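Numbers restart at 1 for each chain; the letters A, B, ... are given by sequence-line order, proteins then strands. Everything numeric in this text was worked out from a predicted model, so none of it was measured.
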Amino acid sequence: MPNKSFFWFFLPTGLAMILFIGLPIISTGVQSFYAQHDQILKEVKKCDPFGCKVSVQIDQEASSKIREEKPLGKFNGFGTYIDRNHLATDQLSNFWNESNSTGEFLTKVGNLPFYKALIFTFTYCIIVTPCVLLLGFVIALSLNSISRKIRGALIFGTILPMIVTPLVGSLVLFWMVDAEGIIGANLQILMNDPYLSVKSSKTLTWITIIIYGIWHHSPFAFVVFYAALQTVPQEPLEASIIDGASRFQRVKHIVLPHIYPVVTFVALISLMDNFRVFEPIIGFSAQGSAQSLSWLIYDNLVNEEVILFGSAAATSIMTIIGIAIILTPVLIRTWREFRTNR
Amino acid sequence: MDYGLDKKSNSLKTFNTMFIVVWLLIACFPFIWTFWGSFKVRADFFSRADWWYAITAFNTLLETGKSFTTEAYSGAWFEGEFWKASRNTIIVTVSVVSVSLFLGTLGAYALSRSTKNYAFWILIIALVFRAMPHITLVSGYLFPFFQLQIWGILPTTIVVLIAINQPFTLWLLYSFFKTVPKELDESALIDGCTYFQTFRHIIMPVMWPGVITAGLFSLMLAYNDFTVTALLLNQENHTMVPKIQSYLGTNQHEGNLMWAVSAVVSATAPLFLLVMFFQKQVISGLTAGAVKG
């Protein structure tokens with residue numbers, strides 16, 4: 001296709017992507033270097049019959065004026081990145097000097113908001129991704145050996161957790177595991193502890209969110225693996241059966257090597273998805289004990305008093321860097337594929 | 001292709017069936033349970049005393065005289081203005097699907113027919129864009145949108161969702177267009193068609209399956225979106241998903257929780273029906289995206 005026709009065909013979608021994906025990323029980058037204005041204080045002298053008092057007040061007029069002149073806030077450089085709510089470099093060095101043991105240091109670091117979120121996000125990714133792969137693969141294998149007539153209905157049931165939005169999915173589960181729900185209430189009876197509740201325990205909350213993650217993402221892995229299983233050649237499988245290979249050996253030496261590229265792909269995609277975990281935290285109302293990077297951004301953006309653009313932007317940029325690191329292998333793979341296809 | 005070589009032992013068969021049954025229970029029971037519970041009163045579905053009430057409908061009988069009640073639905077739809085949210089969702093979904101398909105097919109067709117290097121780079125950039133967490137993009141939008149005073153209204157959200165949707169639509173349709181042989185357009189071009197005529201009269205008619213798949217995915221993205229709609233729309237213009245969240249908020253202890261339950265059921269039911277009818281397309285879309293990058 002000549003360049004000119006290509007240009008006109010691609011213009012609308014290209015424009016949409018540049019304006020609403022490219023520019024916002026730049027805008028986020030710019031915002032992360034600014035912080036909201038300090039409040040301008042003024043001294044007010046108040047006199048009443050008992051004498052005069054000088055009090056300090058917020059100068060609303062001057063504050064709103066400076067806000068209007070420079071709506072972006074004051075320039076802060078990398079200040080937002082290293083403050084207490086983000087990388088907290090000062091606190092880190094303080095903790096390092098004060099702490100007697102590495103354990104103590106790590107506990108203190110774990111209480112800083114950014115690192116807290118980072119720890120949860122990593123834990124979630126590291127546990128959910130392999131479980132999703134494993135469960136998805138096992139479901140695909142076992143559905144593959146079920147009679148074709150009822151397979152369609154079973155697949156429909158299997159992909160339900162994936163097609164609902166994460167907020168709805170987590171709510172539906174939350175209402176069951178909550179202290180007043182069917183699972184939560186039975187757990188209380190089972191453990192003989194009337195005060196047992198998912199909400200009040202940090203570990204239980206983490207476990208619930210992780211189980212939710214596996215429940216929600218496994219169908220995706222299943223669908224992809226199931227499609228890949230259809231392409232496994234039959235001849236080597238038959239040969240291996242004649243040679244006396246067991247079922248497990250067949251899966252390990254023939255099926256897995258064949259679908260290996262798909263496995264790595266699903267792993268990377270779900271890693272990327274899990275890295276931006278956010279809605280389940282709202283669905284499970286787990287803000288108290290589990291926070292993720294995306295949740296931190298959301299929290300800054302819905303802040304009651306003043307929206308913390310700078311703070312949200314700094315966290316966003318660091319999240320984007322994280323995504324970029326995970327994305328690199330995908331890009332390299334796509335690059336190679338494209339080269340060989342031509 | 002079973003030649004009788006692969007004989008399964010009976011125990012393995014039983015185990016297999018049991019595993020599938022257990023998994024399907026885990027996957028579907030929460031939805032069935034929520035659907036069932038949405039016709040009860042709060043004291044039954046969230047029972048402090050005895051969870052068995054949810055099945056026997058003890059309090060529902062006491063409060064309404066019947067074992068099923070649609071109170072939660074009428075509360076959410078009328079008092080809670082869920083009808084407005086669903087109207088907004090319909091507006092957003094229909095606009096997003098139609099416009100993003102229009103833009104996406106044009107762009108993906110161009111990408112699939114270009115042999116230049118830049119087409120490859122555009123695809124790579126689209127892949128990077130697709131990986132961006134939506135919340136980071138929203139944090140980029142908010143400030144300029146406030147400044148331009150276009151925050152809170154439906155058109156802004158629609159345009160944003162269309163744009164966010166483009167990378168995925170492009171990749172999906174690109175992989176579908178690749179399967180249409182190039183000879184088809186070449187013969188049309190030789191016969192004197194312009195590129196647009198070729199696209200409109202030769203390629204589009206054979207592309208419907210791919211377009212339907214891409215449309216389904218745009219629809220699910222727009223319909224299911226929480227991050228963008230919750231942060232870019234004001235209370236008045238909320239779509240269904242942020243509306244559900246607003247029922248949870250501070251009013252949780254004032255009986256609105258049942259509104260949320262019925263709203264969840266109302267929002268999920270159309271989606272399930274849709275997937276039931278278009279299951280094949282959904283699966284082919286997922287695998288096209290995954291197998292081909």
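In this structure the side chain of B/Val241 never reaches within 4.5 angstrom of the side chain of A/Glu279, judged on heavy atoms. Inter-residue side-chain proximity for B/Met258 and B/Phe46 is flagged as met; some heavy-atom pair is nearer than 4.5 Å. Taking 4.5 Å as the limit, every side-chain heavy atom of A/Ser285 sits out of range of all side-chain heavy atoms of B/Leu248. At least one side-chain heavy atom of B/Leu271 sits less than 4.5 Å from a side-chain heavy atom of B/Asn224. The closest side-chain heavy-atom distance from A/Ile155 to A/Tyr226 is below 4.5 Å. Taking 4.5 Å as the limit, some side-chain heavy atom of A/Trp8 sits within range of a side-chain heavy atom of A/Leu11. Between A/Met272 and A/Ile269 there is a side-chain heavy-atom pair separated by less than 4.5 Å.
For chain B, the nearby parts of A/Leu143 are the backbone and the side chain; heavy atoms of each come within less than 4.5 Å. Residue A/Leu15: no heavy atom, backbone or side chain, is found under 4.5 Å from chain B. At a 4.5 Å heavy-atom cutoff, the contact between A/Leu160 and chain B is made by backbone and side-chain atoms alike. Both the backbone and the side chain of A/Phe156 come within less than 4.5 Å of a heavy atom of chain B. Using a 4.5 Å cut-off between heavy atoms, B/Ile162 does not touch chain A at all. Proximity to chain B is limited to the side chain of A/Leu173, based on heavy atoms less than 4.5 angstrom apart. Looking at B/Phe196, both its backbone and its side chain come within 4.5 Å of chain A, counting heavy atoms on both sides. Of the atoms belonging to B/Phe217, not a single heavy atom falls under 4.5 Å from chain A. With a threshold of 4.5 angstrom between heavy atoms, B/Ile122 approaches chain A through side-chain atoms but not through N, CA, C or O. Within the 4.5 angstrom heavy-atom criterion, no atom of A/Val30 approaches chain B. Contacts between A/Met17 and chain B at a heavy-atom distance below 4.5 Å involve backbone atoms as well as side-chain atoms. When heavy atoms are compared at a cutoff of 4.5 Å, B/Ile26 approaches chain A by way of both its backbone and its side chain. Looking at B/Ala260, the atoms closer than 4.5 Å to chain A (heavy atoms on both sides) sit in the backbone and in the side chain alike. The contact between A/Leu327 and chain B is made entirely by side chain atoms (from C-beta outward), counting heavy-atom distances below 4.5 Å. Of the two parts of A/Asn300, neither the backbone nor the side chain holds a non-hydrogen atom closer than 4.5 Å to a non-hydrogen atom of chain B. With a 4.5 angstrom heavy-atom cutoff, B/Leu123 touches chain A only via side-chain atoms. Neither the backbone nor the side chain of A/Pro261 comes within contact range of chain B, judged by heavy atoms closer than 4.5 Å. With a threshold of 4.5 angstrom between heavy atoms, A/Ile163 approaches chain B through its backbone and through its side chain. Of the atoms belonging to A/Phe309, it is side-chain heavy atoms, and not backbone ones, that fall under 4.5 Å from chain B. For A/Ile159, the part sitting under 4.5 Å from any heavy atom of chain B is the side chain, from C-beta outward, and nothing else. Of the two parts of A/Trp335, the backbone and the side chain both hold a non-hydrogen atom closer than 4.5 Å to a non-hydrogen atom of chain B.
Proximity of a side-chain donor or acceptor of A/Thr231 to a complementary backbone N or O of A/Ala228 within less than 3.5 Å is detected.
Across B/Thr268, B/Val282, B/Asn165, B/Leu170, the residue that shares the most heavy-atom pairs under 4.5 angstrom with chain A is B/Leu170. If you tally non-hydrogen atom pairs under 4.5 Å between each of A/Asp273, A/Val168, A/Val164 and chain B, the highest count goes to A/Val164. Of the listed residues (B/Val138, B/Val99, B/Leu137, B/Thr105), the greatest number of heavy-atom pairs within a distance under 4.5 Å of chain A belongs to B/Leu137. Looking only at heavy-atom pairs under 4.5 Å with chain A, the residue among B/Asp185, B/Val261, B/Ile124 that has the most is B/Val261. When each of A/Ile182, A/Val172, A/Leu19 is scored by its heavy-atom pairs under 4.5 Å with chain B, the top score falls to A/Ile182. Across A/Thr13, A/Ile326, A/Leu171, A/Leu331, the residue that shares the most heavy-atom pairs under 4.5 angstrom with chain B is A/Thr13. Across B/Thr17, B/Thr227, B/Asp225, the residue that shares the most heavy-atom pairs under 4.5 angstrom with chain A is B/Thr227. Among the candidates B/Gln279, B/Met220, B/Met132, the residue making the largest number of heavy-atom pairs closer than 4.5 Å to chain A is B/Gln279. By number of non-hydrogen pairs under 4.5 angstrom with chain B, the leading residue of A/Thr165, A/Ile282, A/Leu23 is A/Thr165. With chain B as partner, the option from A/Ile25, A/Ile323, A/Ile139, A/Thr28 having the largest number of non-hydrogen pairs under 4.5 angstrom is A/Ile139.
Nearest heavy atom pair, residue A/Ser240 against residue A/Arg250, reads OG-CG, 3.1 Å. B/Tyr223 and B/Ala267 make their closest contact through OH-O, 2.6 Å (heavy atoms, listed as atom of the first residue, atom of the second, distance). Contact record, A/Gly169 with A/Trp215: O-CZ3, 3.9 Å, taken as the closest heavy-atom pair.
Annotation for B/Lys182: atom NZ counts as buried by contact number, over 12 foreign heavy atoms lying within 6.0 Å. Atom CZ of B/Phe19 is surrounded by more than 12 heavy atoms from other residues, nucleotides or ligands within 6.0 Å. For B/Arg200, the CZ atom sits in a loose shell: 12 or fewer heavy atoms of surrounding residues, nucleotides or ligands are nearer than 6.0 Å. Under a cut-off of 6.0 angstrom, the local environment of OH in B/Tyr118 is crowded, with over 12 non-hydrogen atoms contributed by other residues, nucleotides or ligands.
Test A/Ile297, A/Asp299, A/Ile320 against A/Thr315 for side chain to side chain contact (heavy atoms under 4.5 Å, CB included) and you get one pass: A/Ile297.
B/Ser139 and A/Ser316 share a side-chain donor-acceptor pair at under 3.5 Å.
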